[in-house]
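Encoded as structure tokens, the structure appears first; notes follow it.
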Amino acid sequence: MAEGSLAALIDSLRRLPGIGAKSAQRLAFHLLQHDREGAQRLAQALQAASTSVRHCERCHTFTEAPVCDICLDPQRDARLLCVVESPADRAALERTGSYRGLYFVLMGRISPLDGLGARDIGVGELLQRAGDGVTEEVIVATNFTAEGEATAHVIGEALKARGLKVTRLARGVPIGSELEYVDLGTIAHALSDRR
């Protein structure tokens with residue numbers, strides 16, 4: 001059994017999503033046995049990021065400045081506001097290169113089982129931001145999980161009550177897939193959302 005600083009390293013690595021006890025131990029042993037320079041760089045990068053990265057004052061994504069580059073970009077279409085659950089979701093949408101509007105990053109998703117309601121994830125701030133007089137359409141891009149759907153419903157209803165146009169990401173058959181291997185729920189949604 002590991003002791004002292006090795007045990008602390010393993011325990012710290014276990015805090016990462018998807019990393020169990022064995023994976024954490026393998027990572028720790030690898031870093032200490034084969035890549036001590038990498039371990040030092042990782043420690044320095046974590047320290048620097050934890051002290052300098054914050055949430056954007058406008059959209060809540062990660063940034064080192066008070067307001068992120070996307071929020072400051074005059075080339076972005078301020079009439080479009082895309083709502084996502086996390087900075088990782090925002091980054092995924094940005095990688096597509098197909099969206100040129102602005103974002104609002106929630107602080108998670110509504111999850112009654114975890115005690116998270118609309119207030120806990122920043123819905124009030126979203127409503128204030130979307131009601132800025134510039135936003136014309138809010139694209140709800142929450143995940144297609146039970147919690148993501150509940151979040152989309154609550155947000156959509158609140159935004160519609162304020163007279164805003166609300167749209168939702170389409171669901172359907174993935175590119176390159178064969179229908180016989182696609183799950184029935186996806187096919188059903190693809191049929192109902194066809195265009």
Side-chain angles (χ1 to χ4, degrees), residues 17-18 53-63 65-177 182-195:
V53 174
R54 64 177 87 172
H55 290 284
C56 173
E57 293 172 0
R58 293 198 69 215
C59 75
H60 297 152
T61 196
F62 291 133
T63 182
V67 178
C68 74
D69 291 342
I70 289 177
C71 286
L72 292 174
D73 186 349
Q75 301 299 316
R76 304 298 286 218
D77 187 349
R79 297 171 301 166
L80 297 174
L81 185 64
C82 184
V83 180
V84 295
E85 291 179 18
S86 71
D89 294 338
R90 187 203 73 126
L93 284 171
E94 270 303 288
R95 283 192 304 273
T96 70
S98 61
Y99 177 70
R100 296 296 304 157
L102 297 174
Y103 294 93
F104 187 88
V105 179
L106 297 169
M107 298 295 110
R109 59 190 170 265
I110 294 172
S111 178
L113 293 176
D114 296 323
L116 296 174
R119 285 191 189 121
D120 301 309
I121 63 169
V123 172
E125 292 166 277
L126 167 62
L127 297 176
Q128 186 176 11
R129 169 84 187 276
D132 62 4
V134 178
T135 303
E136 295 176 7
E137 178 182 355
V138 178
I139 303 163
V140 180
T142 56
N143 293 312
F144 291 104
T145 60
E147 293 91 353
E149 292 286 354
T151 303
H153 177 74
V154 168
I155 289 170
E157 293 301 310
L159 291 166
K160 286 176 190 171
R162 286 167 173 72
L164 288 161
K165 178 181 178 184
V166 179
T167 56
R168 180 86 165 106
L169 284 184
R171 294 177 277 201
V173 179
I175 293 173
S177 62
V182 176
D183 69 277
L184 298 177
T186 299
I187 293 173
H189 282 294
L191 280 170
S192 65
D193 295 341
R194 71 187 182 279
R195 52 185 167 133

Could you work out, with salt bridge (Lys or Arg N to Asp or Glu O under 4.0 Å) as the rule, every residue matching [X], not counting sequence neighbours?
X      : value
Arg90  : none
Arg100 : Asp73
Arg171 : Glu149

Crowding at [atom1], [X] (>12 non-hydrogen neighbours, <6.0 Å):
X      : atom1 : result
Leu191 : CG    : yes
Gln128 : CD    : no
Asp77  : CG    : yes

Write down the atom of [X], the atom of [Y], and the distance for their closest heavy-atom approach.
X      : Y      : answer
Thr96  : Ser98  : OG1-OG, 2.9 Å
Ile121 : Gly108 : CG2-C, 3.8 Å
Ile110 : Ala150 : CD1-O, 4.5 Å

For residues [X] and [Y], determine if any side-chain heavy atom of one lies less than 4.5 Å from a side-chain heavy atom of the other.
X      : Y      : value
Cys59  : Leu102 : no
Leu106 : Val83  : yes
Asp120 : Met107 : no
Leu80  : Tyr99  : yes
Phe104 : Glu125 : yes
Thr142 : Arg168 : yes
Leu169 : Val140 : no
Leu93  : Tyr103 : yes

- Test side-chain hydrogen bond (donor to acceptor under 3.5 Å, both in side chains) applied to Asn143 - qualifying residues, sequence neighbours left out: Glu85
- Item | ring pair (Phe, Tyr, Trp, His ring centres under 6.0 Å) involving Phe144 - partner list, sequence neighbours excluded | none
- Task: Please list, chain by chain and in numerical order, all residues satisfying ring pair (Phe, Tyr, Trp, His ring centres under 6.0 Å) with His153, sequence neighbours excluded.
- Result: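 Listed in chain order: nothing, the list is empty.
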- Message: Between Cys71 and Asp69, does the side chain to side chain contact (heavy atoms under 4.5 Å, CB included) criterion hold? Intermediate values first, please.
- Response: CA-CA 6 Å; Cys71 286; Asp69 291 342; over 6 Å; no
- If we ignore angles and hydrogens, is there a donor and acceptor under 3.5 Å between the side chains of Ser86 and Arg109?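 Their side chains do not contain a donor-acceptor pair, so the 3.5 Å distance test is not met.
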- Apply the test side chain to side chain contact (heavy atoms under 4.5 Å, CB included) to residues Leu127 and Val123: give CA-CA distance (whole Å), side-chain angles for both, the deciding distance (0.1 Å), then the verdict. CA-CA 6 Å; Leu127 297 176; Val123 172; 4.2 Å; yes
Given 3.5 Å as the limit, does a donor-acceptor pair link the side chain of [X] with the main chain of [Y], or not?
X      : Y      : answer
Thr186 : Val182 : no
Asp183 : Gly185 : yes
Thr135 : Glu137 : no
Arg76  : Ile70  : no

Interatomic distance, [X] atom [atom1] to [Y] atom [atom2] [nearest 0.5 angstrom]:
X      : Y      : atom1 : atom2 : result
Glu147 : Thr151 : CD    : OG1   : 7.5 Å
Leu81  : Arg58  : CG    : CZ    : 9.0 Å
Ile139 : Lys165 : CD1   : NZ    : 9.0 Å
His60  : Cys68  : NE2   : SG    : 11.0 Å

